[in-house]
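Data first, discussion second: the structure below is written as structure tokens.
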Amino acid sequence: MAIAQYRLVALDCPDPMALATFYAGVLGGDIKQYSDDWYDLYAPGGHRIAFQRAPGFRPPHWPRADDNSQQLHLDFTVPDIDTAEAQVLALGATPLDLDDEDGRRGFRVYADPVGHPFCLCRE
């Protein structure tokens with residue numbers, strides 16, 4: 001029996017509205033502001049991502065695990081990875097690891113505008 005029910009993933013960032021807008025561009029959905037420091041994205045399918053202002057935010061170093069390591073990353077399934085890549089780059093993503101071994105690896109890694117890693121994954 002489960003102890004808890006999933007609610008959301010919260011991402012620390014310097015500007016919650018800007019990062020929520022980036023992910024709304026990637027996933028669609030509706031943004032709701034709860035305060036100047038907290039915004040939620042209600043994405044299609046019932047998923048929710050929160051964005052919390054974090055003064056002094058430093059992006060994680062991907063894929064290192066020693067100093068300021070990655071705390072989490074998000075995976076997104078896409079029907080066409082090349083098209084999705086162009087779209088997330090246009091929204092402000094930064095490529096971290098695009099070598100998908102000619103499609104054999106099945107994913108590519110990017111950072112959102114404040115440095116959180118995320119992957120685009122083939123269906």
Side-chain angles (χ1 to χ4, degrees):
M1 177 184 237
I3 294 171
Q5 182 179 10
Y6 172 82
R7 182 170 179 156
L8 60 80
V9 170
L11 298 178
D12 288 352
C13 58
D15 183 345
M17 180 58 182
L19 196 56
T21 300
F22 170 81
Y23 280 105
V26 173
L27 298 171
D30 298 310
I31 297 170
K32 183 172 180 182
Q33 178 182 2
Y34 290 94
S35 74
D36 289 341
D37 296 329
W38 189 280
Y39 288 73
D40 281 358
L41 171 62
Y42 292 84
H47 303 285
R48 186 170 152 201
I49 303 173
F51 306 91
Q52 174 179 280
R53 186 178 315 279
F57 173 81
R58 291 184 316 145
H61 298 151
W62 184 90
R64 293 174 44 186
D66 53 355
D67 178 48
N68 198 30
S69 70
Q70 165 183 293
Q71 300 299 307
L72 64 89
H73 74 270
L74 302 170
D75 285 355
F76 304 119
T77 301
V78 296
D80 181 325
I81 201 164
D82 293 320
T83 300
E85 177 177 297
Q87 293 169 326
V88 299
L89 293 175
L91 288 169
T94 302
L96 295 178
D97 181 359
L98 301 183
D99 182 11
D100 63 358
E101 300 172 8
D102 294 321
R104 290 187 304 277
R105 190 172 75 173
F107 67 92
R108 297 177 189 167
V109 186
Y110 309 82
D112 68 25
V114 300
H116 298 107
F118 70 93
C119 296
L120 296 180
C121 305
R122 286 183 166 72
E123 287 185 313

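Numbers here are sequence positions counted from 1.
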If you apply the rule side chain to side chain contact (heavy atoms under 4.5 Å, CB included), what do you find for Arg7 with Arg48, and how did you get there? CA-CA 7 Å; Arg7 182 170 179 156; Arg48 186 170 152 201; 3.5 Å; yes
Please examine the side chains of [Y] and [X], heavy atoms only from C-beta on, and report whether any two atoms are closer than 4.5 Å.
X	Y	answer
Leu89	Gln87	no
Val114	Pro59	no
Val78	Glu85	no
Asp75	Phe107	no
Thr94	Tyr110	no
Phe118	Val88	yes
Leu91	Val26	yes

Could you tell me whether a side-chain N or O of His116 sits under 3.5 Å from a main-chain N or O of Leu74, the two making a donor and an acceptor?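 A pair under 3.5 Å: no.
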With a 3.5 Å distance limit and no angle check, can you tell me whether Asp97 reaches the backbone of Asp99 through a side-chain donor-acceptor pair?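 Side chain of Asp97 to backbone of Asp99, a donor-acceptor pair under 3.5 Å: yes, one is there.
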Using a strict threshold of under 4.0 Å (side-chain N to carboxylate O), is an ion pair present between Asp100 and Arg105?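 Looking at Arg105 and Asp100, the cut-off is not met.
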Basic-acidic side-chain contact under 4.0 Å: Arg108, Asp82: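 Answer for the salt bridge query: yes.
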Answer with yes or no whether the hydrophobic clustering places Met17 together with Tyr23; edges join I, L, V, M, F, W, Y residues whose side-chain heavy atoms lie under 4.5 Å apart.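 In one cluster: yes.
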Rounded distance [0.5 Å steps], [atom1] in [X] versus [atom2] in [Y]:
X	Y	atom1	atom2	value
Glu123	Ile81	CD	CD1	11.0 Å
Phe22	Asp112	CZ	CG	5.5 Å
Phe51	Leu8	CZ	CG	10.0 Å
Asp15	Phe57	CG	CZ	12.0 Å
His47	Phe76	NE2	CZ	10.5 Å

We want to know whether Gln52 and Tyr39 form a side-chain donor-acceptor pair, criterion being a heavy-atom distance below 3.5 angstrom.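 No, no side-chain donor-acceptor contact under 3.5 Å.
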Tyr42 vs Lys32, side chain to side chain contact (heavy atoms under 4.5 Å, CB included): CA-CA, chis, key distance, verdict: CA-CA 8 Å; Tyr42 292 84; Lys32 183 172 180 182; 4.0 Å; yes
Locate the shortest heavy-atom distance separating Leu41 from Ala24; write the atom from each residue and the value.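 Taking every non-hydrogen atom into account, CD2-N, 3.7 Å.
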Under the criterion side-chain contact (heavy atoms from CB on, under 4.5 Å), which of Thr21, Asp40, Ile49 is the partner of Ile31?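 When Thr21, Asp40, Ile49 are each tested with Ile31, the side-chain contact (heavy atoms from CB on, under 4.5 Å) holds only for Thr21.
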